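Here the structure is a predicted model, which means the values were calculated and not measured. Letters go in sequence order (proteins before strands), and every chain restarts at 1.
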Number of protein chains: 2
Amino acid sequence: MTIKQIAQQAGVSVASVSNVINGNYHKVSAETRKKIEKIISETGYTPNAVARSLATQESKIISMVIPYIGEYFSFNANPYYSELIAEVEKYVRAQDYCLMIRCVDRCSDIVHMLSSWNVDGAIFAGASASEIGDLRNSLKCPSVFIDSYCEKEGVVCVGIDDYRGGYLSARHLLNNGHRKIAFAAPSFGSEGVIYERFRGFTDACREYGVEIGEKDIFEVDAVESNSIVAGNDIALSAEKFTAVGVTSDLTACGIMRGISQCGLSVPKDISVIGFDDLSLCTISSPRLTTISQDIQMKARRAGDLLFTMIREKCELTSNEKIAVKLVERDSVARAEQ
Amino acid sequence: MTIKQIAQQAGVSVASVSNVINGNYHKVSAETRKKIEKIISETGYTPNAVARSLATQESKIISMVIPYIGEYFSFNANPYYSELIAEVEKYVRAQDYCLMIRCVDRCSDIVHMLSSWNVDGAIFAGASASEIGDLRNSLKCPSVFIDSYCEKEGVVCVGIDDYRGGYLSARHLLNNGHRKIAFAAPSFGSEGVIYERFRGFTDACREYGVEIGEKDIFEVDAVESNSIVAGNDIALSAEKFTAVGVTSDLTACGIMRGISQCGLSVPKDISVIGFDDLSLCTISSPRLTTISQDIQMKARRAGDLLFTMIREKCELTSNEKIAVKLVERDSVARAEQ
DNA sequence: TGTGGTTAGTTAAACGATTTACCAATCTTG
DNA sequence: CAAGATTGGTAAATCGTTTAACTAACCACA
């Protein structure tokens with residue numbers, strides 16, 4: 001079923017049909033409009049999106065680009081990503097756009113696909129500042145970067161207040177009397193989400209006269225077995241930690257398990273605080289105390305900014321940081337004197 | 001950058017450029033082929049997918065259609081879906097196709113979008129037999145249905161051996177001496193994944209002379225608070241259950257929490273067995289004994305069948321059931337005498 | 001030498017929409 | 001009533017590809 005056939009059946013030109021489809025009602029009389037609409041609804045005709053896209057150079061497609069590392073898909077390894085994708089999908093669908101999803105090694109892998117499909121906008125998760133720099137030259141469509149730190153003119157980032165999150169996390173442990181504190185995170189450089197959480201964490205510690213040194217930092221990625229090993233290490237460390245701050249809930253759960261394996265109890269012997277507030281926090285045992293981030297808000301702000309750029313055809317520069325908060329559950333206890 | 005410009009620069013016709021792009025090398029001499037390829041790589045030209053799709057009536061797009069109920073996205077509420085999506089994305093990308101994702105109320109919501117984008121194939125998750133029936137008339141592209149039970153000619157289903165899973169689940173409890181057994185599942189009719197698991201479960205019980213009656217069945221959806229309530233109900237029931245079989249790991253975790261809340265211990269007082277074998281099984285406490293399904297295999301088989309239909313331009317009828325197996329962890333113990 | 005078969009290439013018609021430019025009829029208005 | 005504006009509509013170009021049909025040159029062979 002094509003627009004041509006509709007036009008034929010209605011005895012009008014394709015231009016008229018196109019006009020009623022696109023709501024250019026001032027160009028067509030009420031009478032012919034009725035006639036055309038009748039036939040459209042009778043036949044169940046829908047305009048072909050591909051042809052439309054070719055003609056308009058737009059597509060009503062938004063692409064979401066997710067990093068993955070080695071074997072592990074971020075959104076498989078870490079439920080944070082699936083919650084994020086779910087929220088983005090919801091937003092995009094509400095705008096009557098389609099969502100294309102793609103995992104990539106390097107963000108630049110995607111630029112051809114984006115222009116090739118006339119993609120109207122892209123949302124990148126977890127791109128580094130340098131990747132964004134490379135992207136800026138090649139990328140044609142409006143984009144927003146979730147969980148990135150980048151101050152460049154013309155780039156839109158949406159994230160959370162990671163520094164504050166790290167700070168609140170440590171302060172909660174300190175307020176509970178802990179002084180022997182470990183920090184567990186994936187490897188990080190001197191920028192980005194994890195680095196900011198680390199800065200906040202150490203700054204809070206310093207305020208209480210506690211220094212986080214190299215021996216207090218445990219490097220651990222999202223792979224579950226690795227986080228269990230980290231839990232073992234923390235439990236058995238000569239440092240006799242009474243608490244550990246972790247940069248993701250998933251890892252925190254693994255660490256709790258690793259600690260239990262060594263015969264110590266959470267939170268009685270060692271307190272654990274996570275980050276993200278995923279739904280698994282209430283499933284774990286003990287339920288995980290954590291820093292809560294509002295994933296839905298993140299997706300919504302990213303969507304708002306993206307669609308502003310698309311609709312107003314403008315460039316924006318933004319670095320939104322959404323507030324975080326402490327959610328107390330059962331994995332942090334007062335340190336024994 | 002268009003094919004026209006490439007042709008101009010190379011001093012040949014667009015047809016020749018098109019032929020080298022598409023590997024119709026017999027139609028172009030080695031010499032001009034070199035010339036064209038040189039210019040293509042110099043300019044970094046990529047053919048426009050939209051125009052190509054319009055011309056070929058294909059798109060290299062696969063669509064994945066996910067059900068959601070009310071507020072809850074399946075793949076948000078249940079990590080099973082995100083693992084499935086991750087595997088499908090991987091498969092589709094390996095074939096050099098794009099993946100469009102869409103959550104729907106009713107499967108029929110998607111047919112317009114599929115034809116409008118010339119989508120080459122679709123993967124539906126969790127569609128009911130009647131929905132598939134409706135779809136068959138309107139659907140233009142090859143499709144495979146994951147987790148559906150449908151015997152109709154020309155429909156391709158890929159699932160797991162749910163009956164066997166239910167059977168193994170109950171048998172494991174029975175072999176551990178349990179006789180007061182509860183069954184927790186979302187509401188189900190007389191067909192589909194949950195019903196099959198139920199059949200297997202009750203059949204095994206019957207072999208041991210145990211009847212699962214209405215008072216032994218607890219209806220519970222994926223919402224976490226509901227599963228905790230179910231856990232409470234099971235713990236406090238006058239039936240004095242010593243074990244419960246659950247049709248999803250996520251719900252099983254909530255039920256374990258609900259049981260603990262009532263002061264009972266898993267598995268000491270009540271054993272719990274899940275279904276799916278998601279990664280969260282190893283972070284729950286106790287680690288969840290469950291029926292393991294191979295999600296990667298499921299995605300791969302679905303992909304294989306789908307791409308066979310796409311490439312061979314043929315219709316298939318299939319009802320593959322992938323084997324499941326019991327994975328013993330710590331949430332099932334022997335019943336006390 | 002005429003016929004037929006390759007080979008290498010071009011031209012132009014699709015694909016299914018949008019949109020600009022144009023036209024004819026009718027209405028306003030001084 | 002003539003000029004101009006408005007209304008309702010059409011024809012045709014365009015978007016960037018693929019591909020069928022065609023051509024011209026060359027070669028082989030009876």
Side-chain angles (χ1 to χ4, degrees), chain A residues 1-37 39-40 43-61 98 112-120 140-141, chain B residues 1-37 39-40 43-61 98 112-120 140-141:
Chain A
M1 189 59 49
T2 74
I3 199 175
K4 211 167 173 179
Q5 294 169 38
I6 300 293
Q8 229 154 30
Q9 283 194 40
V12 299
S13 70
V14 295
S16 293
V17 178
S18 177
N19 280 327
V20 347
I21 289 170
N22 294 292
N24 302 325
Y25 295 138
H26 58 284
K27 296 193 171 176
V28 27
S29 70
E31 196 185 358
T32 53
R33 175 180 159 188
K34 281 270 176 288
K35 195 165 55 181
I36 292 171
E37 277 171 345
I39 296 195
I40 287 180
T43 55
Y45 163 78
T46 339
N48 182 291
V50 175
R52 179 179 265 184
S53 170
L54 184 61
T56 59
Q57 307 288 77
E58 295 172 355
S59 63
K60 296 217 162 211
I61 295 176
C98 293
H112 277 140
M113 190 245 216
L114 295 181
S115 71
S116 167
W117 276 108
N118 298 162
V119 166
D120 290 341
K140 289 308 190 319
C141 64
Chain B
M1 187 61 49
T2 74
I3 200 175
K4 211 166 173 180
Q5 293 168 37
I6 300 292
Q8 229 155 28
Q9 283 193 37
V12 298
S13 72
V14 295
S16 293
V17 178
S18 177
N19 280 327
V20 347
I21 289 170
N22 294 293
N24 301 327
Y25 296 139
H26 59 284
K27 296 193 172 177
V28 28
S29 70
E31 195 184 3
T32 54
R33 176 180 158 191
K34 282 269 176 290
K35 194 165 57 180
I36 292 171
E37 277 171 345
I39 295 193
I40 287 181
T43 56
Y45 162 78
T46 340
N48 183 292
V50 175
R52 177 178 269 184
S53 171
L54 184 60
T56 58
Q57 307 288 78
E58 296 171 355
S59 64
K60 297 220 162 206
I61 295 177
C98 293
H112 276 141
M113 190 246 219
L114 294 182
S115 72
S116 165
W117 276 108
N118 297 165
V119 167
D120 291 342
K140 290 307 190 316
C141 62

- Measure the distance from CG on Leu54(B) to P on dC15(D) and round it to the nearest whole Å. 14 Å
- Task: Using whole Å, report how far CE of Met1(B) lies from P of dC15(D).
- Result: 15 Å
- Whole angstrom value for the distance that separates P of dA17(C) from CD1 of Ile21(A): 7 Å
- Item | Length of the line joining Glu58(B):CD and dA14(C):C1', which is rounded to integer Å | 16 Å
- Closest non-hydrogen contact found for Val14(B) with Ile3(B) is O-CD1, 3.7 Å
Side-chain donor-acceptor distances from residues 47-56 of chain B under 3.5 Å, at least two apart:
residue, atom, partner, partner atom, Å
Asn48(B), OD1, Val50(B), N, 2.8
Asn48(B), OD1, Ala51(B), N, 2.9
Ser53(B), OG, Glu58(B), O, 2.7
Ser53(B), OG, Asn118(B), OD1, 3.4
Thr56(B), OG1, Arg52(B), O, 2.8
Thr56(B), OG1, Glu58(B), N, 3.2

- For dG16(D), does either OP1 or OP2 sit under 4.0 Å from a side-chain N or O belonging to Arg52(B)? no
- Min side-chain heavy-atom separation Thr43(B)-Gln9(B) under 4.5 Å: yes
- Closest nucleotide among dA12(C), dA17(C), dT18(C) to the Val14(B) side chain: dA12(C)
Between the protein and nucleotides 22-27 of chain D, are there any N/O to N/O pairs under 3.5 Å, and if so, what are the atom names and distances?
none

- Query: What is the nucleic acid contact for Asn22(B), judged by heavy atoms within less than 4.0 Å: base, sugar-phosphate only, or nothing?
  - Reply: sugar-phosphate
- Work out which heavy atom in His112(A) is nearest to a heavy atom in Thr46(B); give both atom names and the distance. CD2-OG1, 2.8 Å
- Query: Rounding to a whole Å, what distance do you find between Asn118(A):CG and dA17(C):P?
  - Reply: 16 Å
- List the atom of Cys98(A), the atom of Met113(B), and the distance in Å for their closest heavy-atom pair. SG-CE, 3.2 Å
- Query: Does Ile21(A) reach the side chain of Ile6(A), with side-chain heavy atoms less than 4.5 Å apart?
  - Reply: no
- Atom CG of Asn24(B) and atom P of dT17(D) are separated, to the nearest Å, by 16 Å
- Looking only at dA17(C), dT19(D), dG16(D), the nucleotide nearest the Ala55(A) side chain is dA17(C)
- Note on the structure: To the nearest angstrom, the NZ-P distance between Lys4(B) and dT11(C) comes to 12 Å
- Message: OP1 or OP2 of dG16(C) versus the side-chain N and O atoms of Gln57(B): is any pair under 4.0 Å?
- Response: yes
Using nucleotides 5-9 of chain D, report all nitrogen or oxygen pairs with the protein that are shorter than 3.5 Å.
residue, atom, partner, partner atom, Å
dG9(D), OP1, Ser29(A), OG, 3.4
dG9(D), OP2, Ser29(A), N, 2.7
dG9(D), OP2, Ser29(A), OG, 3.1
dG9(D), OP2, Thr32(A), OG1, 2.9

- Note on the structure: Gln8(B) atom CD is separated from dT17(D) atom P, nearest whole Å, by 13 Å
- Note on the structure: dist Ser115(A):OG -> Met1(B):CE (nearest 0.5 Å) comes out at 11.0 Å
- Taking the side chain of Ala15(B) as its heavy atoms from C-beta onward, which of dT11(C), dA17(C), dG16(D) lies nearest to it? dT11(C)
- Message: Using the rule side-chain contact (heavy atoms from CB on, under 4.5 Å), only one of Thr32(B), Asn22(B), Val12(B) pairs with Val17(B); which is it?
- Response: Val12(B)
- Looking only at heavy atoms, what is the nearest atom pair of Ser59(B) and Trp117(B), with distance? CB-O, 3.5 Å
- Query: Is the closest side-chain heavy-atom distance between Ile39(B) and Glu37(B) below 4.5 Å?
  - Reply: no
- For Ser18(B) and dT18(D), is the shortest distance between a side-chain N/O and OP1 or OP2 below 4.0 Å? yes
